[in-house]
Amino acid sequence: DDIGSQMDRVVTEEQWLQKWDTGNTGFHKEQGHPLLQKYLDVLLNGRSGLRIFFPLCGKAVEMKWLADMGHNVVGVEVSEKALKEFFAEHSLPYCEEPVPEISGAKQFQCTSGNISLYCCSIYDLSSSVVGKFDGVWDRGALVAVNPCDRQRYVSLMITLMEKNSSYLLVTVSYDPNKHKGPPFYVPESEIKSLFG
């Protein structure tokens, strides 16, 4: 599978911040993602009270949805604006504190305690900071990271997963020679080799 001209494409953190600042966020789904509803049973696997990780979470409405079901949600996102909008749009009170282990990072914690969102680069996180997770909802994260960072991203995600955790991954399929991305095209063969 040829990912064409995308291999060297890099989108900087500043460019992502600019998307949020200018409201250029066509990737945000107001109604939540139909695939999460469809495959929720796969993610939960009959378990309750899970710790669920949202990489590059933006202001995903599913975080509130899963928290309301009694799960603990942790997200990471570089845009502070996105995180503040999430709490505002759901009328959720929160407190903000620095993250001692990560210079410049902030943690936004819902006062009810079951949603914690980190404002920093995902690559600054580790299991010693955020712990491990029973489930991951990767909707638009793997396909958003720069192709050259994929291995690093997946290696990190593997260290954040409990032994029996479920990883739900949404990818996009198209001809990578016709679009420069993001979202980037990640062929199934590459997903298999990345996650082993």
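Small disclaimer: the values here were computed from a predicted structure and weren't measured. FYI, side chains are in, hydrogens and waters are out, and symmetry mates aren't considered; it's all heavy atoms of this structure.
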| query | Yes or no on side chain to side chain contact (heavy atoms under 4.5 Å, CB included) for Val73 and Trp137, after CA distance, side-chain angles and deciding distance? | reply | CA-CA 10 Å; Val73 170; Trp137 170 238; over 6 Å; no

| message | Apply side chain to side chain contact (heavy atoms under 4.5 Å, CB included) to residues Tyr174 and Lys178 and explain how you reach the verdict. | response | CA-CA 8 Å; Tyr174 62 82; Lys178 296 203 171 93; 6.0 Å; no

| message | As a quick check of understanding, evaluate side chain to side chain contact (heavy atoms under 4.5 Å, CB included) for Ile191 and Val154, giving each step before the final call. | response | CA-CA 9 Å; Ile191 291 168; Val154 171; over 6 Å; no

| request: Kindly indicate, with the supporting measurements, whether the criterion side chain to side chain contact (heavy atoms under 4.5 Å, CB included) is fulfilled by Leu117 and Glu77. | output: CA-CA 8 Å; Leu117 307 181; Glu77 166 61 50; over 6 Å; no

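Nearest heavy-atom pair, Gly58 versus Met63, reported as atom, atom and distance to 0.1 Å: O-CE, 3.9 Å. Of all heavy-atom pairs spanning Gln107 and Ser116, the tightest one is NE2-OG, 3.3 Å. Nearest heavy atoms, Cys120 versus Ala105: CB-CB, 3.7 Å. Of all the heavy atoms in Ser128 and Glu101, the pair that sits closest is O-OE2, 4.3 Å.
No more than 12 heavy atoms of other residues, nucleotides or ligands shown are found within 6.0 angstrom of NZ on Lys180. Enclosure of atom CD in Glu97 by more than 12 non-hydrogen atoms of other residues, nucleotides or ligands within 6.0 angstrom is indicated. No more than 12 heavy atoms of other residues, nucleotides or ligands sit less than 6.0 Å from atom CD of Gln18.
By the 4.5 Å heavy-atom criterion applied to side chains, Leu40 and Met69 are counted as neighbours. Residues Val61 and Lys64 have side chains not in contact (no heavy-atom distance under 4.5 Å, counting atoms from C-beta outward). Between Met161 and Tyr167, the closest side-chain pair of non-hydrogen atoms falls below 4.5 Å. Side-chain contact between Val170 and Leu36: absent, with no pair of heavy atoms (C-beta onward) separated by less than 4.5 Å. The side-chain heavy atoms of Leu17 and Val78, taken from C-beta on, include a pair separated by under 4.5 Å. A heavy-atom distance below 4.5 Å is not found between the side chains of Asp134 and Phe53. The side-chain heavy atoms of Asn72 and Leu50, taken from C-beta on, include no pair separated by under 4.5 Å. In this structure, Pro34 and Lys38 have side chains that are not in contact, with every pair of non-hydrogen atoms separated by 4.5 Å or more.
Asp138 and Tyr153 share a side-chain donor-acceptor pair at under 3.5 Å. A donor atom on one side chain and an acceptor atom on the other are not found under 3.5 Å apart for Ser165 and Arg51.
To the nearest 0.5 Å, atom CD1 of residue Ile122 and atom CG of residue Leu160 are 7.5 Å apart. Once rounded to the nearest 0.5 Å, the distance linking CD1 of Ile52 with CD1 of Ile115 reads 11.0 Å. Note: Phe87 CZ to Cys110 SG = 6.0 Å, rounded to the nearest 0.5 Å. For the atom pair CH2 of Trp16 and CG of Asp21, the computed distance is 13.5 Å after rounding to the nearest 0.5 Å. The OG atom of Ser126 lies 8.0 Å from the CG atom of Leu156; values are rounded to the nearest 0.5 Å. Taking CG of Asn114 as the start and NE2 of His71 as the end, the distance is 10.5 Å to the nearest 0.5 Å.
The six-membered or imidazole ring of Phe108 lies away from that of Tyr118, with a centre-to-centre distance of 6.0 Å or more. Checked against a 6.0 Å centroid threshold, the rings of Trp20 and Phe27 count as neighbours.
Checked by atom type and distance alone, the side chain of Arg47 pairs as donor or acceptor with a backbone atom of Leu43 at under 3.5 Å. A donor-acceptor pair under 3.5 Å is formed between the side chain of Thr12 and the backbone N or O of Gln15. Using modelled atom types, one side-chain atom of His33 and one backbone atom of Leu35 make a donor-acceptor pair closer than 3.5 Å. Formation of a donor-acceptor pair under 3.5 Å by the Glu96 side chain with backbone atoms of Gln109 is not found in this model. The backbone N or O of Asn177 sits less than 3.5 Å from a side-chain atom of Asp175, completing a donor-acceptor pair.
With Phe184 as the aromatic partner, Arg9 does not meet the cation-pi criteria of under 6.0 angstrom to the ring centre and within 45 degrees of the ring axis.
Remark: Glu85 engages Lys59 in a salt bridge, criterion side-chain N to carboxylate O under 4.0 Å. The pair Arg150-Glu190 meets the salt-bridge criterion, since a charged nitrogen lies less than 4.0 angstrom from a carboxylate oxygen. Using a cutoff of 4.0 Å between basic side-chain nitrogens and carboxylate oxygens, Glu80 and Lys106 are scored as salt-bridged.
Both Ile158 and Val74 belong to a single network of hydrophobic side chains, linked directly or stepwise wherever heavy atoms of I, L, V, M, F, W or Y lie under 4.5 Å apart.
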